[in-house]
Protein chains: 2
Amino acid sequence: MRIKEGNKEKDILEAAIKVFAEVGYHKAKIAKIAEVAEVAAGSVYLYFKDKEDILLKIFENIWRKLYTELKSIKENDDISPFEKFDSMIDLIFDIYIENPNLALVFVNEQNHIQRSAEEYFTEYYEKFLNLGEEIIKEGIQKNQISSSVDIKILRYFIFGAIKTLLQHWAVDPKNYPLNKIRQNIKFIIKYGIEK
Amino acid sequence: MRIKEGNKEKDILEAAIKVFAEVGYHKAKIAKIAEVAEVAAGSVYLYFKDKEDILLKIFENIWRKLYTELKSIKENDDISPFEKFDSMIDLIFDIYIENPNLALVFVNEQNHIQRSAEEYFTEYYEKFLNLGEEIIKEGIQKNQISSSVDIKILRYFIFGAIKTLLQHWAVDPKNYPLNKIRQNIKFIIKYGIEK
DNA sequence: ATTATTAATGAATAACAATTCAAAAATAAG
DNA sequence: CTTATTTTTGAATTGTTATTCATTAATAAT
């Protein structure tokens, strides 16, 4: 019996990240992904059901990772809710620093994937947001975070602000240095802009 | 000589807004748009260069309107920078209330259009953001807004937060009432979440 | 070495949907 | 009423690209 050599599935995923980041999901061609992955076009379909399945798997990996890491942050009893909150923001930025292409796919295609794969997609995404929510609740209980704000709204507020800023950073990295963005986000959310 | 009856261009634009809102730009079919507009598929091409041109015109209309209205807010000397800021947020929410479908297209397809039509698209969009920036600057000068925050970052921060929240409102309007979202956004940006 | 089993290939196919264009319809002018 | 001009139509075309599948290659088992 023959055994698969290498790891074509991984190769294809990585190639897809590169191609999706460059031209966007809709303009990305399977033929190009296969070329970058150094496999035949047909081989893509041995590992993925269809084009959308590739994107789905990419997102699943991201959100599973984010969820897992946020979970360990949350469970750390040595740091305050606000410190946890800061770590959460760092977590998202770390993806960018590690793999800018992955991050580009993350911010640019989230919309599309959420629309077309509603039921299945949401697992780790929802779990991640729920953890974020719990951290905020903890902060309210410990009297560190204002209780005037709706938690469900706050979680999307934060996520949306980050996502859009990262998108602009990707287009114009010089005008929007990542660390400056990160600092500003933390500041605004904590203190607001009123003097 | 024959004269065009009705206003087919407007009919097509409105039909497109409806169809794009329902199924998203990529899955929207010209045939469907034509059907909703009650014209033949071919007629679409008498008024628009291609499918993308329709989306482009929709966005142009939105941003021109936002820009025009923000301009008159900005030039009003009777209200404070913070009141102007509140009005700016109201402005964006008003689109939603007036025409939820238009708003859906606005938040869901902004990405796509910005990618593919870079040079031309940006006119009123940039102008709008620049006006917002000036309002913030005015607030800093009058010592009402903290100067610790980078203005360029702040403008996308606000826009991104609003965009994402509206997207979620669209999916689940009951859990995220528009007025509650609006209030929360204003609060967080002003005061932050620290107690 | 031979056979069996599974992996991989890539040219051919199939499906889809944007766009075109020859013909028809509507209106205006003479 | 006839002709000229412009608009509208929608079936046919075109282009694109995801996906399939018969064939080949690689490895393992005997």
Side-chain angles (χ1 to χ4, degrees), chain A residues 1-59 105 108-109 111-113 115-117 120-121, chain B residues 1-59 105 108-109 111-113 115-117 120-121:
Chain A
M1 188 190 64
R2 188 185 174 187
I3 277 187
K4 296 179 193 176
E5 5 87 29
N7 192 339
K8 292 213 166 50
E9 184 173 340
K10 199 178 158 223
D11 291 347
I12 294 166
L13 269 180
E14 280 170 7
I17 289 167
K18 197 176 278 178
V19 177
F20 289 161
E22 259 168 37
V23 300
Y25 176 77
H26 285 98
K27 287 185 183 163
K29 292 171 197 58
I30 295 289
K32 182 69 185 174
I33 292 171
E35 187 199 316
V36 173
E38 293 180 298
V39 300
S43 298
V44 171
Y45 292 86
L46 299 174
Y47 296 94
F48 301 93
K49 193 177 129 271
D50 53 27
K51 191 179 167 186
E52 192 144 304
D53 188 39
I54 306 175
L55 190 59
L56 205 63
K57 294 262 165 65
I58 293 173
F59 270 88
V105 177
N108 284 324
E109 316 299 347
N111 246 33
H112 169 253
I113 198 74
R115 278 202 152 204
S116 42
Y120 177 57
F121 168 65
Chain B
M1 185 190 64
R2 186 183 175 190
I3 278 187
K4 296 180 194 177
E5 2 90 29
N7 192 340
K8 293 213 167 51
E9 183 172 341
K10 200 179 157 222
D11 292 347
I12 293 167
L13 268 182
E14 281 170 6
I17 289 167
K18 196 176 281 178
V19 177
F20 289 161
E22 259 168 36
V23 301
Y25 175 77
H26 284 98
K27 288 185 183 164
K29 292 172 197 53
I30 296 288
K32 181 71 185 171
I33 293 170
E35 187 199 316
V36 173
E38 292 179 302
V39 300
S43 298
V44 172
Y45 293 86
L46 299 174
Y47 297 93
F48 301 92
K49 194 177 126 272
D50 52 26
K51 191 179 165 185
E52 192 144 304
D53 189 38
I54 305 175
L55 189 60
L56 205 63
K57 294 261 165 65
I58 293 173
F59 270 87
V105 177
N108 284 325
E109 316 299 346
N111 244 32
H112 169 252
I113 198 75
R115 277 203 153 204
S116 43
Y120 177 58
F121 168 66

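Since the structure is predicted, the reported quantities are computational estimates derived from the model, not experimental observations. Chain identifiers are assigned alphabetically (A, B, ...) following the order of the sequence lines, protein sequences preceding nucleic acid strands; residue numbering begins at 1 within each chain.
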Which salt bridge (charged side-chain N to carboxylate O under 4.0 Å, His left out) pairs, counting each pair once, include a residue from residues 29-49 of chain A, with sequence neighbours left out? A:Lys32-A:Glu35
Is there any salt bridge (charged side-chain N to carboxylate O under 4.0 Å, His left out) pair reaching into residues 12-23 of chain B, and which pairs are they, with sequence neighbours excluded? B:Lys10-B:Glu14
Sorted by number, residues from residues 22-44 of chain B placing a heavy atom under 4.0 Å from DNA chain D are B:Val39, B:Ala40, B:Gly42, B:Ser43
Mind calculating the distance between [atom1] ([X]) and [atom2] ([N]) to the nearest angstrom?
X       : N      : atom1 : atom2 : result
A:Asp50 : D:dT19 : CG    : C1'   : 9 Å
B:Asp53 : C:dT19 : CG    : C1'   : 14 Å
A:Lys51 : D:dT20 : NZ    : P     : 15 Å
A:Asp11 : C:dA7  : CG    : P     : 16 Å
B:Tyr45 : D:dT6  : OH    : C1'   : 21 Å
B:Glu9  : D:dT8  : CD    : P     : 12 Å

In chain order, what residues pass the salt bridge (Lys or Arg N to Asp or Glu O under 4.0 Å) check against A:Lys27, with sequence neighbours excluded? none
Going by the rule salt bridge (Lys or Arg N to Asp or Glu O under 4.0 Å), which residues pair with B:Glu109 if we only count those two or more places apart in sequence or in a different chain? none
Please check the phosphate of D:dT7 (OP1 and OP2 only) for any side-chain N or O of B:Tyr47 closer than 4.0 Å. no
Sorted by chain and residue number, the side chain to side chain donor-acceptor pair (under 3.5 Å) partners of B:Lys57 (sequence neighbours excluded) come out as B:Asp53
For the residue pair A:His26 and B:His112, is the inter-centroid distance of their aromatic rings smaller than 6.0 Å? no
Could you check which of D:dT19, C:dT9, D:dT8 has an atom nearest any side-chain atom of B:Leu46? D:dT8
Among C:dT9, D:dT9, C:dT19, which nucleotide sits nearest the side chain of A:Lys8? C:dT9
